[in-house]
Amino acid sequence: MRRPFIAGNWKMHKTVPQALELVEELRGLVEGEQGVEIAVAPPFVALHPVAQVLRSSVIKLAAQDCFWEEEGAYTGEVSPVMLADVGCAYCIVGHSERRCIFGETSEGVARKARALLNHGISPIVCVGETLEERDRGEALHVVGEQLGGSLASLSAEDMVRVVIAYEPVWAIGTGRTATPQQAQEMHAFIRRWVVEKFGGDVASGLTILYGGSVKPENIRGLMAMDDIDGALVGGASLRATSFAQIVQGGKG
Ligand code: 13P
């Protein structure tokens with residue numbers, strides 16, 4: 001049985017005082033929860049202060065991105081060593097906003113995933129097609145290519161610590177969520193892909209999150225699908241009450 005996993009991606013939202021207020025409220029709402037993995041991904045500058053609030057909490061800390069080198073002359077970058085130091089258990093890599101706005105490639109995502117695993121952090125590897133790609137009937141092909149490129153350097157042992165997030169670009173921040181059936185179709189494709197590359201044991205243990213306009217109202221329908229193990233939540237993770245409701249829905 002895979003444990004449900006609900007993660008909040010705060011993107012470029014919340015100053016440090018706002019982040020602390022949110023996480024303190026959230027802690028009060030979800031602290032007793034069992035049987036569900038919960039994580040929040042604040043902006044870099046809030047990671048350390050949020051980590052202090054989350055000490056001995058069930059809520060895990062995640063980063064939104066990283067660079068693959070450990071240290072050096074890479075102005076503006078943050079390394080997996082630094083993320084491990086502040087207590088990150090997870091780090092999102094390859095989010096479509098990074099791929100589309102900042103030109104991130106699957107090759108770069110693969111290097112980041114490798115570096116994170118070397119430092120004990122589980123990568124949450126994001127994949128997903130644009131609306132044009134879906135309309136052209138290329139969604140499965142595009143996601144297959146992203147998986148191949150992003151997970152290229154990993155072994156089956158590595159994959160046990162990887163989380164995959166399917167986030168169709170057309171559903172992110174648009175209010176237009178994929179239907180549970182559309183999401184399930186892609187999640188099943190992703191799991192089959194992982195069976196072929198890494199074997200059935202890895203695939204059956206793999207956590208695959210759905211992301212894209214997840215809300216308290218649609219989480220249960222998504223979670224009812226066989227291959228949807230949780231959610232990567234953007235906008236609805238910015239309020240403690242709605243994120244806590246999604247956690248509740250995620251528990252089933
Ligand atoms: P929304 O939930 O705001 O659509 O964002 C999804 C997302 O991109 C999470 O990483």
Side-chain angles (χ1 to χ4, degrees), residues 4-14 18-19 22-23 26 37-44 46-47 50 59-66 83 88-102 104 106 109 112-113 116 121-131 133-134 139 142-143 146-147 150 162-180 182-183 186-187 190 207-223 228-250:
F5 182 13
I6 306 293
N9 175 9
W10 296 2
K11 307 192 180 183
M12 198 173 72
H13 293 282
K14 307 289 179 187
Q18 290 168 340
L22 173 55
V23 86
L26 186 61
E37 180 85 345
I38 307 167
V40 292
F44 284 132
L47 285 173
V50 165
I59 307 169
K60 306 269 173 60
L61 191 64
Q64 298 177 17
D65 188 27
C66 71
L83 298 181
C88 287
Y90 296 96
C91 179
I92 299 166
V93 285
H95 192 281
S96 64
E97 285 148 19
R98 301 238 38 107
R99 291 181 190 259
C100 298
I101 304 171
F102 301 99
E104 184 143 308
S106 290
V109 175
K112 291 177 178 188
L116 287 163
I121 299 171
S122 285
I124 301 176
V125 177
C126 301
V127 294
E129 80 287 354
T130 63
L131 187 57
E133 289 163 343
R134 174 158 285 263
V142 166
V143 168
Q146 290 173 341
L147 290 171
S150 307
V162 170
V163 174
I164 294 179
Y166 168 57
E167 300 205 308
V169 176
W170 46 273
I172 296 178
T174 59
R176 177 184 164 185
T177 182
T179 65
Q182 281 172 320
M186 187 62 83
H187 282 228
I190 293 169
T207 297
I208 309 178
L209 308 180
Y210 167 78
S213 300
V214 174
K215 299 190 173 50
E217 302 78 56
N218 59 26
I219 183 68
R220 283 173 204 278
L222 290 160
M223 292 300 291
I228 300 182
D229 306 313
L232 184 53
V233 186
S237 72
L238 298 175
R239 282 191 18 250
T241 43
S242 57
F243 189 65
Q245 282 167 2
I246 294 171
V247 169
Q248 283 298 328

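Order of appearance sets the numbers: ligands from 1, and atoms from 1 within every ligand. We count residues from 1, following the sequence as given.
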Legend entry - Whether Thr130 side chain and Val169 backbone form a donor-acceptor pair below 3.5 Å: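 Pair absent, no side-chain N/O of Thr130 close to backbone of Val169.
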Inset, instruction - Please indicate whether any nitrogen or oxygen in Gly173 is less than 3.5 Å from any nitrogen or oxygen in ligand 1. - result: yes
Legend entry - Gly235 N/O under 3.5 Å from ligand 1 N/O: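 Min N/O separation from ligand 1 is below 3.5 Å for Gly235.
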Just which atoms of ligand 1 are under 4.0 Å from any heavy atom in [X]?
{"X": "Glu167", "answer": "6 (C), 7 (C), 8 (O), 9 (C), 10 (O)"}
{"X": "Ser213", "answer": "1 (P), 2 (O), 4 (O)"}
{"X": "Asn9", "answer": "9 (C), 10 (O)"}
{"X": "Leu232", "answer": "9 (C), 10 (O)"}
{"X": "Ala171", "answer": "4 (O)"}
{"X": "Gly212", "answer": "4 (O), 6 (C)"}

Please report the shortest heavy-atom distance between [X] and [Y], naming the atom on each side.
{"X": "Val127", "Y": "Val143", "result": "CG2-CG1, 3.9 Å"}
{"X": "Ala62", "Y": "Cys88", "result": "C-SG, 4.1 Å"}
{"X": "Arg99", "Y": "Val109", "result": "NH2-CG2, 4.0 Å"}

Legend entry - Residue and atom name of the nearest protein heavy atom (relative to atom 5 (O) of ligand 1), distance in Å to one decimal: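 Here the closest protein heavy atom is Lys11 NZ, 3.3 Å.
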Inset, instruction - For atom 2 (O) of ligand 1, grab the closest protein heavy atom and report residue, atom and distance to one decimal in Å. - result: Gly234 N, 2.9 Å
Legend entry - Euclidean distance, Arg98 CZ relative to Ile92 CD1, rounded to 0.5 Å: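 Taking CD1 in Ile92 and CZ in Arg98, the distance rounds to 11.0 Å.
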Inset, instruction - Determine the interplanar angle of the Tyr166 and His187 rings, folded into 0 to 90°, and report it as parallel if under 30°, tilted if 30 to 60°, perpendicular if over 60°. - result: perpendicular
Inset, instruction - Give me the one residue out of Ile246, Thr177, Val233, Val247 that meets side chain to side chain contact (heavy atoms under 4.5 Å, CB included) with Ile219. - result: Ile246
